[in-house]
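Notes follow the structure.
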Amino acid sequence: MSIAVELKVTDMLQVAFIRENKEDIIARLAKRNIDATEMLNNAIALDEDRKALQTKLDNKKAESNSISKEIGNLFKSGETQKANLLKEKTIQLKEITKTLEQELNDKVNILTELLYKIPNVPHKSVPKGGSEEDNEEIFKEGEIPALHSEAQPHWELAKKYDIIDFELGNKITGAGFPVYKGKGARLQRALIAYFLDKNTEAGYTEYQLPHLVNAASCYGTGQLPDKDGQMYHDSRDDLYLIPTAEVPGTNVFRDELLNETDLPIGITGYTPCFRREAGSYGAHVRGLNRLHQFDKVEIIRVEHPNNSYKAFDGMIEHIKAILRELKLPFRILKLCGGDTTFASALTYDFEVFSTAQDRWLEISSVSNFEAFQANRLKLRFKNSDGKNELCHTLNGSSLALPRVLAGILENYQTENGIKIPEVLVPYTGFDIIS
RNA sequence: GGAGAAAUGGCAGAGUGGUCGAAUGCGGCAGUCUUGAAAACUGUUGAGGGUCACACCUCCGGGGGUUCGAAUCCCUCUUUCUCCGCCA
C-alpha cells in the first residue's frame, strides 16, 4: 500500500522548508554520514512538477465549475437547448481532469514516499560520526563499587537466586523472552511503580496505553517506514506490537490542534516493549542486555518550539535525579549523527556501569524530535498570531527496566546476597535477595 | 453475534441537489467600558494547496459511484451511540 494513501498526506510543508534551507540541511545530514544532495534535489524537482500539474488541473476544474454554474442558470431561465450544448463541453473536460488527477496522484505518492525516507536534521551541537565510537561522553557520576572476588554477571546471579528464568522463557516463547519469578518479579514491579511515582511527582500524567498500534501511528512517530522489519506485525489485523511507549504515547496527540496555553504537556506510561532485534547476536546480548520483550517506563513531552531544549535539559536532570537515588554509577553520552535515531534531532543516552560485566549499559535515551514527528502527526498549536504552528515533541526512557535491573543485581551484590537500593525497599517489601 | 441511528469547522450543533466552506452557540483574538480584572457590548475567527498579492483549486469520517453540478442521492469500508444476546 502506498504511504500517501495510508496517511492521506497532502501536506507539503516539508518541501518549502527544504527549498529554503537546502544547504544547511545537507551540511547537517552529513553528520549522519548521509549525502542528501540528490534526495533533496529530487524532492524539490518532484515538488515543482507537482505544482505545475496542480495548477493545470486547477485551471481545468475552474473552467468546469464555471460552466456548471452557467448551466444551472440556463436551466433556471428555461434555455434548455443552450444548457445541453454546454453539457457536451464539460464531458470533455472531465476526461482531461481525470487523467491529470491520476498523474498528480502518482507524483504526490512518489514525493511523499521520498519525504518519508529523509531523516530528521541533527541539532547544531551533534557531533559528526558513523557509529557509537563517535559519541561524546558529556557527564559522569557515581562511584563504581568494589565488588568481592566472587562477583558474577547478572545472568549467573539470576540463576543462583532463581529470580529470572531465561530457559523457561525459551520454552514458552523463544530466546529474548525471560520469565521473572518470585523476588525478581517483585523487584521488577517495584521498579515500575517507583519510576511512575517519580515521573508523576515531576508533573507527568500517567497513561495506560495500547500495546498494539496501527500503521498510521508508526508513521506518525517515524518507526515506519524506517524500522519496518524491526517491529512485530500482526498481518491479519495489520497491527504492530509497540517497540516503545513513545508510539502510542506520542500518537495521543496525532491530528490535534492545541491552544498555546495547553503547552507544555507531559505524560508518562509503563508498557512492555517488543523488538525483533533482527541481526543482533553475540556475547553482548547475553542475559538482560538485549531482549525481544522488555519493560519500560517512558516520559513524553509536547512543547512550544521556543521551549523544547529547555524541556530537554529538564528531562536530563529528572533522570539524573532518579539514578542518584538508586545510587547507580552512570554517564551521559551525546550521540553522534550516525547513532542518532531517524526521527531525532538530538539524543542523549544514559548508561549505567555494570561492574561485573565491566561495561556500560544503555538504560535511557532522551530525544528532542523538534517538529519532525509533529509534522507527521499534524500536531499543532494556535500561536499568539492566531497561526497554526507545529509543536515540538520529546521523549525519554524513565527508565528501561532490564538493564537497570542488571545494574542493580551486579552492583549491589554482596557475599550474603543482593541488597535492594534503599528507595526501592518500600516498594519491594524486602531489602535483600538471598 | 442480531436490530437500529449517527459521523459537519478548536468544541457543540443546523443544514436533503446549484444562492453552502457551511446558520447559530461556545471558545479564541481585537476593541469599548474599567485603576486592573470579570461581566456586558462591538468587531473578527476553519484547514490545506497556489500566488509578490489576488484569482483559482481542494476538504463536511475514508474510498468509489450517479449528475452539467453533491455536505445533501447511491454503494462500500471504518468508527461511534442505543437496544438485544453473550461474556472477563
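Numbers restart at 1 for each chain; the letters A, B, ... are given by sequence-line order, proteins then strands. Since we're looking at a predicted model, the values are computed, not measured.
For B:G10, the OP1/OP2 oxygens have no side-chain nitrogen or oxygen of A:R380 closer than 4.0 Å. Note on A:K382: a side-chain N or O is less than 4.0 Å away from OP1 or OP2 of B:A47. For the OP1/OP2 pair of B:G69 and a distance below 4.0 Å, the side-chain nitrogens and oxygens of A:K94 include at least one atom meeting the criterion.
The gap from the C1' atom of B:A22 to that of B:C41 amounts to 27 Å, rounded to the nearest Å. Nucleotides B:G46 and B:U8, compared at atom C1', are 11 Å apart to the nearest Å. B:A71 and B:G21: their P atoms are spaced 8 Å apart (whole Å). Of the C1' atoms belonging to B:C60 and B:C54, the separation is 27 Å, rounded to the nearest Å. Here the separation of B:A30 from B:U66, taken at their C1' atoms, is 47 Å to the nearest Å. A distance of about 29 Å separates the C1' atoms of B:A37 and B:U24, rounded to the whole Å. Rounded to a whole angstrom, the distance from the P atom of B:U32 to that of B:U19 is 39 Å. For B:U35 and B:G25, the P atoms lie 30 Å apart once the distance is rounded to whole Å.
Counting heavy atoms from C-beta on, the side chains of A:Y427 and A:R186 never come closer than 4.5 Å. A 4.5 Å side-chain heavy-atom check between A:I163 and A:L409 finds at least one atom pair inside the cut-off.
Within 4.0 Å of A:I67, counting heavy atoms only, lies no atom of the nucleic acid at all. Note on A:T90: only backbone sugar-phosphate atoms sit closer than 4.0 angstrom, heavy atoms only; bases stay farther off. When heavy atoms are screened at a 4.0 angstrom cut-off, A:N388 is found touching the sugar-phosphate backbone but no base atom. Residue A:N65 is in sugar-phosphate contact alone, with no base atom involved, counting any heavy-atom pair closer than 4.0 Å across all strands shown. At a threshold of 4.0 angstrom between heavy atoms, the contacts of A:K89 with the nucleic acid are absent.
The partner of B:G43 is B:C29, by the rule that a Watson-Crick or G-U pair needs both atom distances under 3.5 Å. Under the Watson-Crick or G-U wobble criterion, with both distances below 3.5 Å, B:U66 has no partner in any strand shown. Pairing of B:G1, defined by two Watson-Crick or G-U wobble distances under 3.5 Å, is identified with B:C84. Pairing partner, B:U24: B:A12, with both Watson-Crick or wobble hydrogen-bond distances short of 3.5 Å. Remark: B:G50 base-pairs with no nucleotide in the shown strands. Criterion, Watson-Crick or G-U wobble with two distances under 3.5 Å. Partner assigned to B:A38 is none, using Watson-Crick or G-U wobble distances below 3.5 angstrom. Within the shown strands, nothing qualifies as a pairing partner of B:C60 under the Watson-Crick or G-U definition with both distances less than 3.5 Å. Pairing for B:U79 goes to B:A6, judged as Watson-Crick or G-U wobble with the two contacts each under 3.5 Å.
Taking the charged nitrogens against the carboxylate oxygens, A:K387 and A:E389 have no contact shorter than 4.0 Å, which rules out a salt bridge. Remark: A:D165 engages A:K181 in a salt bridge, criterion side-chain N to carboxylate O under 4.0 Å. The existence of a salt bridge linking A:D47 and A:R19 is confirmed by a sub-4.0 Å separation between a basic side-chain nitrogen and an acidic carboxylate oxygen.
Aromatic ring centroids of A:H292 and A:F274 lie 6.0 Å or more apart.
A straight line from CD of A:E48 to P of B:U51 spans 8 Å, rounded to a whole angstrom. In this structure, CG of A:D255 is placed 14 Å from C1' of B:U79, rounded to the nearest angstrom. Here B:U78 presents its P atom at 14 Å from CG of A:N214, a figure rounded to the nearest Å. Atom-to-atom, CG of A:L53 to P of B:U58 comes out at 16 Å; the value is rounded to the nearest Å. Atom CD of A:E70 is separated from atom P of B:U19 by 15 Å (rounded to the nearest Å). With rounding to whole Å, A:K69 atom NZ is found 14 Å from B:A70 atom C1'. Remark: P of B:G69 and CG of A:N84 are 13 Å apart, rounded to the nearest angstrom. Separating the CG atom of A:L379 from the C1' atom of B:G48 is a distance of 17 Å, rounded to the nearest angstrom.
A:D295 and A:Q188 share a donor-acceptor pair across their side chains, judged by distance under 3.5 Å alone.
Distances were taken from every side-chain heavy atom of A:K98 (C-beta onward) to each of B:G65, B:G69, B:G50; the shortest belongs to B:G65. Minimum atom distance to the side chain of A:L257 is reached by B:G10, of the listed B:G10, B:G50, B:G18.
Residue A:K61 is the one, among A:K61 and A:I71, whose nearest nucleotide of RNA chain B lies closer to the 5' end (criterion: closest heavy atom). The residue among A:K51 and A:A62 whose nearest nucleotide of RNA chain B is located toward the 5' end is A:K51.
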* To do: Quick one: do A:Q373 and A:T393 satisfy side-chain hydrogen bond (donor to acceptor under 3.5 Å, both in side chains)? Show the steps, please.
  => CA-CA 7 Å; A:Q373 291 182 330; A:T393 60; 2.7 Å; yes
